[in-house]
Number of protein chains: 2
Amino acid sequence: MIRRVRLSDVAALAETSTKTASRVINGHTKVGSDTRERVEKAVRELGYRPDPLARSLRRGTDDTIGVVVDEVSDPFFASVIGEIERMALDRAMTVIIASTQRLVDREHIVIDGLLQRRVAGLIIASVSHDHAHLKTAPCPVVFIDRVAVNLDSDAVLVDDRAGARLGVDHLISHGHKRIAYLGDYLGIDTARSRLDGYRESLELAGIPMRDDYVIGMDPSLADSGPIVEALLATPEPPTAIFSANTRCSLRVLTTLHRLGRTDIAFVSFGDFAMADALTPPITVVDHSPEFIGRLAADRLLRRMAGDEMPTQTITTPLHLVPRGSGELAP
Amino acid sequence: MIRRVRLSDVAALAETSTKTASRVINGHTKVGSDTRERVEKAVRELGYRPDPLARSLRRGTDDTIGVVVDEVSDPFFASVIGEIERMALDRAMTVIIASTQRLVDREHIVIDGLLQRRVAGLIIASVSHDHAHLKTAPCPVVFIDRVAVNLDSDAVLVDDRAGARLGVDHLISHGHKRIAYLGDYLGIDTARSRLDGYRESLELAGIPMRDDYVIGMDPSLADSGPIVEALLATPEPPTAIFSANTRCSLRVLTTLHRLGRTDIAFVSFGDFAMADALTPPITVVDHSPEFIGRLAADRLLRRMAGDEMPTQTITTPLHLVPRGSGELAP
DNA sequence: ATTCCCTTGGTAATCGATGTCACAAACTGA
DNA sequence: TCAGTTTGTGACATCGATTACCAAGGGAAT
């Protein structure tokens, strides 16, 4: 392990040049079979493995996939990453992750850093609003969860608007008219699209939209308690809550349970562990992070292999999982 | 972004040699102040940033921390990684993660791969039983969650035995005598130590240990239902369950709720989202993954900075969080 | 004034693998 | 037999930053 075996060592043992040894290792055809065997034997004997750094430097590209997400510990992204990593490892590629903490500046820094490292491909859940600078990226890029702006690129998305509609329509069909929307702060497209879906559902049902029912919470806020309490203490409190993402659901549900307000109908955009063990079990609009990860990685790997297909925006399927909380009457 | 600026470009613009430019960039002192300024100006004007690959190749070490865990999507590890990454990014270091899927062979492969990449440090949650081969590792190594075997190394651990004792004693003090132990398969030290704690608690309370109350489940098993059902269907079913880790708790609780058996007392080793929103809320023995991540990263960074302190095994604090499920009477 | 030291900067080697190009040998076809 | 091709091989340059080594110039000390 410690002693580094170089290509030249292999070449010396095989009594040939480094170039030819390199040819054998990289599977070039034009090598005499006896020479090839000598080199292969030397490789085995010395336990030689090419230095990935030197190779990358020379080749100009690293066998590495860069993944940029909000935060690794977000369960959604953790699953996405897990799946990407699994696919990468099958191909002996490395995964470098970098999180943005939802900061646009930080996103630029980490993407730049990854490109500096000559990653062979990028998978990005972006929080910025302009990706024109990636037009010249020296590697394929696949966006996940959030669209690319000013850039023609592959993307694997969730149909945010449709998902929100699915959830809100469900609540409406169970007789709710006073439905609150709780989500992260609304600076992100994903959040805006979900809000659009919510708005659309209400509109189609002829329910007037009320601003005081729409709450965007700072995701770094530890305790959503006061906000939820205030919402429920209004003269006309909502009878149902649509939560626009998992992280938000976890926090709001904690509060609702603490307050003993499990009579409020609830639908979560995004499933989570224990959702079906709560009382009542939580109705969710489900999308599979693993599936998104797999699709994104697949797309990226194909591009990295040179596939010149037209860019595509893939929308992953969504479905409502009724479990109880979304079927409560007002 | 695409145009690569080299050190020689900087040197040319600053009208000096690459050597001197390099000195300025790496903060050497022996450079004339006017020269230094010219170089700095050139760096700014060209937007130069050293190529990390070339630098690593030359230096023999990469500004990268390698993290090896069972699986990224495991909430415990996701949090640990998140914290490590945060600390690394503050120091402009990169994090490469690799997961073992709990396979010893795979662990060897990924660790080897990381060392090949000349990572500056390693943080490992190991599943293997011998780490002698890391004695010669060219970089500092910190173990997390699981001890190093045959290797004197830093480690940041949870006191598994004490944690299990805490949980099981708690159940015993609430009158339980028939306490089941559910955990992952027992091939891992962590799991064994927890089982030891369980055994010890029973012993001290004069409760005979029953093999049919100890169940090690394959973590890849999707549905723990049949196992739990069988356990509860025995002639003398347990009145309490101690679950040895979070992943296990999530699965078992799902089953218990489905069966409507929330009368069974339950203590989980490891907290999780929604634990306090379940009915009854789940009593847990809590340990902070973030804390573990921070301690491990801190330790590693100090070693990387050349600190030659003696190796240390740090045990993170544990505490019982009584919430209801652990206080149920038999 | 001369020697010595110290600062400063240049040249070239190095890290390890690979692309370019040239060249020899072997082989083809006429 | 000879031009022309194919095949196999190696010397050398290259990727970009760092560094060992050397040299020159300025200032201080004798």
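Sequence lines set the chain letters: A, B, ... in the order given, protein chains first and strands last, and positions in each chain run from 1.
- In this structure, the CZ atom of A:R117 is 16 Å from the P atom of D:dG16, given to the nearest Å.
- Between B:Y48 and D:dA17 there is a side-chain N or O to OP1 or OP2 distance below 4.0 Å.
- With rounding to whole Å, A:D63 atom CG is found 19 Å from C:dG16 atom P.
- Under a 4.0 Å N-O distance rule, the pair B:R102/B:E71 does not qualify as a salt bridge.
- Atom CZ in A:R38 sits roughly 7 Å away from atom P in D:dT9 (whole-Å rounding).
- Rounded to whole angstrom, the span from the CZ atom of A:R59 across to the P atom of D:dG16 amounts to 16 Å.
- Of the charged side-chain nitrogens involved, none lies within less than 4.0 Å of a carboxylate oxygen, so that B:D154 and B:R302 do not count as a salt-bridged pair.
- Residues A:R38 and A:T20 have side chains not in contact (no heavy-atom distance under 4.5 Å, counting atoms from C-beta outward).
- Between the CG atom of B:L7 and the P atom of C:dG10 there is a distance of 12 Å, given to the nearest Å.
- Side-chain N/O atoms of A:N26 include none lying less than 4.0 angstrom from OP1 or OP2 on C:dA17.
- Electrostatic pairing of A:R117 and A:D62 does not count as a salt bridge here, judged by no charged N lying under 4.0 Å from a carboxylate O.
- Between B:T35 and C:dG9 there is a side-chain polar atom (N or O) within less than 4.0 angstrom of OP1 or OP2.
- Annotation: side chain of A:L7 is not in contact with side chain of A:P50 (no heavy-atom distance under 4.5 Å).
- Looking at every heavy atom in both residues, B:I123 comes nearest to B:L300 through CG1-CD2, 3.7 Å.
- Between the side chain of A:R23 and the base of D:dG10 there is at least one donor-acceptor pair of N/O atoms closer than 3.5 Å.
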side-chain hydrogen bond (donor to acceptor under 3.5 Å, both in side chains) between A:H131 and A:S126, worked out: CA-CA 9 Å; A:H131 306 102; A:S126 175; 2.6 Å; yes
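- Note that the two end axes of the helix from C:dA1-D:dT30 to C:dA30-D:dT1 enclose an angle of 40°, each drawn from 5 base pairs, rounded to 10 degrees.
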Sub-3.5 Å pairs of nitrogen or oxygen atoms, protein against nucleotides 11-15 of chain C:
| unit_1 | atom_1 | unit_2 | atom_2 | d |
| --- | --- | --- | --- | --- |
| C:dT14 | O2 | B:R58 | NE | 3.4 |
| C:dT14 | O2 | B:R58 | NH1 | 2.6 |

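- Listed nucleotides D:dG10, D:dT19, C:dT18 differ in distance to A:R55; the shortest reach to its side chain belongs to C:dT18.
- As judged by a 4.0 angstrom heavy-atom cut-off over every strand, A:T16 is placed among residues touching the sugar-phosphate backbone only.
- Between B:F76 and B:H287, the ring planes lie parallel to each other; the angle is under 30°, not in the 30° to 60° tilted range.
- Straight-line distance from the CG atom of A:D62 to the P atom of C:dG16: 17 Å, rounded to whole Å.
- Put simply, NE2 on A:H28 is 15 Å from P on C:dA17, counting in whole angstrom units.
- Atom CG in A:L46 sits about 16 Å away from atom C1' in C:dA17, given to the nearest Å.
- Residues B:S79 and B:P289 share a closest heavy-atom pair of CB-CB, 3.6 Å.
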